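Since we're looking at a predicted model, the values are computed, not measured.
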Number of protein chains: 2
Amino acid sequence: MSDTSHRRERLRERTVTEIKELARAQLVAAGPASISLRAIARDMGMTAAALYRYFPALDALVIDLCTDLYGELRQACEAARDALGPGADAVPRLVAMARELRRWALDHRAEATLIFGPPLPGVEQFHELCVDLEHAGARFGVIFIEPMTELWRDGRLPALGHVDLAHLDRALPNLPDLPVEVAAVFLTSWTRLYGVLAAELFDQLSWTGVDTEPLFEAEIAFFSAQVKPPSVAR
Amino acid sequence: MSDTSHRRERLRERTVTEIKELARAQLVAAGPASISLRAIARDMGMTAAALYRYFPALDALVIDLCTDLYGELRQACEAARDALGPGADAVPRLVAMARELRRWALDHRAEATLIFGPPLPGVEQFHELCVDLEHAGARFGVIFIEPMTELWRDGRLPALGHVDLAHLDRALPNLPDLPVEVAAVFLTSWTRLYGVLAAELFDQLSWTGVDTEPLFEAEIAFFSAQVKPPSVAR
DNA sequence: CAGCTGAGTGAACGGTGTTTACTTTCGCGG
DNA sequence: CCGCGAAAGTAAACACCGTTCACTCAGCTG
């Protein structure tokens, strides 16, 4: 009964996994625009039409892939954070996550381009649906917000004089208890890291011939220097 | 002889212009990935094969389009800068250009996505060829470098303590006389502006529900505050 | 006027997503 | 154990796409 139907369900899930694996292989091989149902089906020894039993359209597959990638990236960052040990300060935790973010993105350029680049046609909804906190993209963002909130609670977060806090009162509506100061620090820090990373991923700085790693580290150092040191225990 | 051949040449150039106009119309209508030779030919009442008399491949058309767009953006920024009058200080000039950059990008989202987003397959060479200073992308970057060099000459540029200058000595190889301090300020300032803009263009912040304009203005204000005021004349 | 050159055509090749109707497979309930 | 029904997969078709090739045709040149 349910055992046997579980068998079929598991077979189905295995097929879905295979589809997504092959889709990712294509993504890695030739970029986000080259994910092709027909090529996946060819690799599986199937017809393209058969894939419609598993995904209603190519867009849905890509969106699923984005969700998986965000999850993978988030777990990688969490692992880097947790490797510091249980009592680690919020600043090293943030630094470790930021560095892991860059490492993962450069180790998986195609995947990073997919989730951090312009949404493919038909995938626009993915980023828009992020409003839900359960959305993989939002869950990823939250792991950076959490240590910043901790810093704020401990009074270690600096006032960003140049950010107009008045316009941020409606930010992060799904985190209603988030102080605007935390929102300001998170948003500016995030866009700065994102700027270096996106410029790197999208070849925007190749004409300068510069090594971008120091630029990324500079933003990390700049953030760290802004935060007050932890109050010495005892 | 040359008169008549000039006629032909002008006719040819008019056709090239029409092709690029229609390509841009498609870009605006449906995004960078939707530029299609066949659709352009259809709009022109021609066959797709005929377009190969004007461009060796679709990639070449897109690259030409990118060049035009960079030129258009640069001229828009230069116009905003020059509107300040001949004796304007370098900081307001930079601010005016940065604001015009954002205005243009948001007024031309598809075009901005094409030049600031990940290179389309086959267009990777465009960003790589930027090493040439005559390249449209490099020429755009230089208009931001110039006022910064002026600030440095006047001793108004701050030392960015967090940037590792040692790794920047090989930056901007085509501007060999550029001081590393200018390179450092340019690169960090540019990636910060780019970060806000790209996040905005690529829907990376929609889940926060935030108005990104204050974030962009905050980076402008932050830069301006770092620069020493001009020495009072007389 | 003859001939060459450039513009444009039409058909074809191989690729794409998607839909439709059809067939095969296989687990489940009687 | 067997047949039913649902699920899985197929084949063909449609409408696109970039690109190539052989071809025509008009017009400028010598």
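The distance from atom CG of Leu11(A) to atom P of dA6(D) is 20 Å, rounded to the nearest whole Å. Distance, Leu61(A) CG to dT16(C) P: 14 Å, rounded to whole Å. Distance, Met46(A) CE to dT24(C) P: 18 Å, rounded to whole Å. Nucleotide dG18(D) holds its C1' atom 12 Å from the CD1 atom of Ile40(B), rounded to whole Å. Look at CE on Met44(A): it is 12 Å from P on dA8(D), rounded to the nearest Å.
Between Arg12(B) and dA7(C), a side-chain N or O to OP1/OP2 separation shorter than 4.0 Å is present. Contact annotation: Tyr52(B) does not reach the phosphate of dG8(C) (side-chain N/O to OP1 or OP2, under 4.0 Å).
Both Thr15(B) and Ala48(A) lie near DNA chain C, and the one whose nearest nucleotide falls closer to the 5' end is Thr15(B). If you find the closest nucleotide of DNA chain C to Asp59(A) and to Ala50(B), the one lying nearer the 5' end belongs to Ala50(B).
With values rounded to the nearest 0.5 angstrom, Trp190(A) atom CH2 is found 11.5 Å from Thr208(B) atom OG1. Atoms CD1 and CG, from Ile145(B) and Leu172(B) in turn, are 4.5 Å apart once rounded to the nearest 0.5 Å.
Within the 4.5 Å cutoff, the side chain of Ile220(A) has no heavy atoms near those of the Leu94(A) side chain. Side-chain contact between Met148(A) and Phe223(A) is present, with at least one heavy-atom pair separated by less than 4.5 Å.
With Phe222(B) as the aromatic partner, Arg192(A) meets the cation-pi criteria of under 6.0 angstrom to the ring centre and within 45 degrees of the ring axis.
With hydrogens and angles ignored, no donor-acceptor pair closer than 3.5 Å exists between the side chain of Arg53(B) and the base of dG6(C).
The residue Tyr54(B) sits close only to the backbone: its heavy atoms come under 4.0 Å of sugar-phosphate atoms, none of a base.
By the salt bridge (charged side-chain N to carboxylate O under 4.0 Å, His left out) test, Glu78(B) is found to be paired with Arg74(B), residues two or more places apart in sequence or in another chain being considered.
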Between the protein and nucleotides 14-17 of chain D, which nitrogen or oxygen pairs are less than 3.5 angstrom apart?
residue: dC17(D); atom: OP1; partner: Ser36(B); partner atom: OG; Å: 2.9
residue: dC17(D); atom: OP1; partner: Arg42(B); partner atom: NH2; Å: 3.4
residue: dC17(D); atom: OP2; partner: Arg42(B); partner atom: NH2; Å: 2.4

Return a table of donor-acceptor pairs under 3.5 angstrom between the side chains of residues 20-29 of chain A and protein atoms on other chains or two or more places apart.
residue: Lys20(A); atom: NZ; partner: Asp64(A); partner atom: OD2; Å: 3.4
residue: Lys20(A); atom: NZ; partner: Asp68(A); partner atom: OD2; Å: 2.9
residue: Arg24(A); atom: NE; partner: Glu111(A); partner atom: OE2; Å: 3.0
residue: Arg24(A); atom: NH1; partner: Glu72(A); partner atom: OE1; Å: 2.6
residue: Arg24(A); atom: NH2; partner: Glu72(A); partner atom: OE2; Å: 3.1
residue: Arg24(A); atom: NH2; partner: Glu111(A); partner atom: OE2; Å: 3.1
residue: Gln26(A); atom: OE1; partner: Ser36(A); partner atom: N; Å: 2.8

